[in-house]
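Input: a single structure, listed below in structure tokens.
Keep in mind the model is a prediction, meaning the values are calculated, not measured.
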Amino acid sequence: MIVGYLDCSKKNISIDIQRDIVNQYARENMCTVDIFLGESDIKNIKDNINSKNNTLIFANIACLGSKLIDITENIEFLVSNGFELISVKENLKFDSSKETTQLLKGIKLSIDIRNSMVSTITKKALDDKRAKGYKLGRDFGFKNKRYCWNGKEEDIKNKLLSGMTRQQTADEVGISIVSLYNYLKLNPELKKITIGAVND
């Protein structure tokens, strides 16, 4: 059976263009696509096919995944389940042959090499920063200096001192009661003034 696979993700070219590419390939190679399938997970295709010796034609290699490791795993899975794969754009064919096995080994090796290079380069860059005296990461106990009450401090203070409860104040200025309590923790002098002056 000849199956046209359509990648339904929005990261690829449109489904209509994919279908046209697959149909054109079939015409040029004197064959007919028996069925078109689109699955969010390409591995589900095998559940929709009952026959053996199936050929899966797709528009481009990106149909098999957005990452190289995903593409490799999907190729291995489909080939091990009896599919011959044809990627039209790249003019690639994957099957149970030794050539496919060697190609997949080469891809996996390139992934490992790339990951090793990224790890080494990142570590070297961090070591260079440390050697130059840069302190990496956040200081112990560091908190983001931007707060939801930024620019509202005077309003908060006036409302609390006028006799509003803390909940009313939080509602009026548009922050949560938890944020207000955090603000008061950072402004203990205001907290002391409002203790007993307002009813929560």
Side-chain angles (χ1 to χ4, degrees), residues 1-131 134 136-138 142-144 146 148:
M1 177 182 281
I2 297 178
V3 181
Y5 175 67
L6 304 173
D7 178 17
C8 299
S9 74
K10 294 182 179 179
K11 296 179 181 178
N12 209 334
I13 55 178
S14 73
I15 290 176
D16 288 339
I17 293 176
Q18 290 180 54
R19 191 189 304 273
D20 290 342
I21 291 172
V22 171
N23 278 328
Q24 183 178 344
Y25 177 88
R27 285 194 300 271
E28 291 173 355
N29 290 272
M30 313 283 190
C31 60
T32 305
V33 178
D34 298 305
I35 185 173
F36 278 94
L37 293 174
E39 292 281 349
S40 56
D41 184 351
I42 195 170
K43 292 176 181 175
N44 292 333
I45 280 185
K46 76 178 186 65
D47 298 328
N48 297 308
I49 306 296
N50 297 320
S51 61
K52 295 181 180 179
N53 302 320
N54 301 298
T55 299
L56 191 72
I57 306 174
F58 42 92
N60 55 47
I61 200 71
C63 290
L64 299 184
S66 58
K67 295 179 182 176
L68 198 52
I69 187 65
D70 296 333
I71 291 171
T72 307
E73 289 176 356
N74 285 333
I75 291 172
E76 286 182 324
F77 176 82
L78 292 167
V79 167
S80 68
N81 279 276
F83 285 90
E84 178 186 66
L85 312 178
I86 297 172
S87 179
V88 178
K89 181 183 177 183
E90 293 81 12
N91 193 28
L92 288 172
K93 190 175 285 188
F94 304 96
D95 52 27
S96 57
S97 67
K98 190 178 289 185
E99 288 79 8
T100 294
T101 302
Q102 290 175 338
L103 177 59
L104 293 177
K105 282 183 179 177
I107 293 172
K108 285 181 176 178
L109 179 59
S110 69
I111 293 171
D112 290 342
I113 291 172
R114 182 183 179 280
N115 290 341
S116 177
M117 288 176 64
V118 169
S119 175
T120 301
I121 291 169
T122 302
K123 186 178 183 301
K124 178 71 169 65
L126 293 174
D127 288 344
D128 289 346
K129 286 279 188 183
R130 288 190 191 96
Y134 288 97
L136 303 177
R138 293 181 173 182
F142 172 86
K143 287 191 177 179
N144 195 333
R146 286 193 54 140
C148 60

Checklist line | Pair S14-D16, side-chain donor/acceptor within less than 3.5 Å | finding: no
Item checked: More than 12 heavy atoms from other groups under 6.0 Å of CG on N44 -> yes
Notebook entry, point to check: Which atoms form the tightest heavy-atom contact between S87 and N60, and what is the distance?
Noted result: OG-C, 3.3 Å
Checklist line | Neighbour count >12 (heavy atoms, 6.0 Å) for atom NZ, K129 | finding: no
Notebook entry, point to check: Going through the distances and angles, do F36 and N23 end up as a side chain to side chain contact (heavy atoms under 4.5 Å, CB included)?
Noted result: CA-CA 10 Å; F36 278 94; N23 278 328; 3.4 Å; yes
Margin query: Ignoring hydrogens, what is the shortest heavy-atom contact between I111 and T72? Give both atom names and the distance.
Written below: CD1-OG1, 4.2 Å
Checklist line | E84 to K93 - nearest heavy-atom pair and separation | finding: OE2-CD, 3.7 Å
Check: Would you call D127-K124 a salt bridge at under 4.0 Å N-O?
Finding: no
Margin query: Using 0.5 Å steps for rounding, measure from the NZ atom of K43 to the CG atom of D70.
Written below: 8.0 Å
Next item on the list: Give the intermediate values and the outcome of side chain to side chain contact (heavy atoms under 4.5 Å, CB included) for residues F58 and I42.
Entry: CA-CA 11 Å; F58 42 92; I42 195 170; 5.6 Å; no
Check: Tell me, do L85 and Y5 make a side-chain contact under 4.5 Å, heavy atoms counted?
Finding: no
Checklist line | Distance in Å, I75 CD1 paired with T101 OG1, rounded so as to fall on 0.5 Å steps | finding: 11.5 Å
Next item on the list: Check I35 against M1 and note the closest heavy-atom contact, atom names and distance.
Entry: CG2-SD, 3.9 Å
Check: Roughly how far, to the nearest 0.5 Å, is the OG atom of S110 from the CE atom of M117?
Finding: 11.5 Å
Note to self: So which atom in N12 and which in C63 form the shortest heavy-atom distance, rounded to 0.1 Å?
What the structure shows: ND2-SG, 3.4 Å
Next item on the list: Supply the atom-to-atom distance I13 CD1 to R19 CZ, rounded to the nearest 0.5 angstrom.
Entry: 12.5 Å
Margin query: Let's go through I2 and T32 carefully: what are the C-alpha distance in whole Å and the side-chain angles of both, what is the deciding distance for side chain to side chain contact (heavy atoms under 4.5 Å, CB included) to 0.1 Å, and is it a yes or a no?
Written below: CA-CA 7 Å; I2 297 178; T32 305; over 6 Å; no
Margin query: So for atom CG, which belongs to D112, do other residues, nucleotides or ligands contribute more than 12 heavy atoms lying within a distance under 6.0 Å?
Written below: yes
Next item on the list: Measure the spacing between CG of D20 and CD1 of I15 and express it to the nearest 0.5 Å.
Entry: 12.0 Å
Next item on the list: With side chain to side chain contact (heavy atoms under 4.5 Å, CB included) as the test, would you mind laying out the steps for I45 and F83 before giving the verdict?
Entry: CA-CA 10 Å; I45 280 185; F83 285 90; 3.9 Å; yes
Next item on the list: For residues V33 and A26, report the shortest heavy-atom separation together with the two atoms involved.
Entry: CG2-CB, 3.9 Å
Checklist line | Spacing of OG1 belonging to T100 relative to CG belonging to D95, to within rounding of 0.5 Å | finding: 4.5 Å
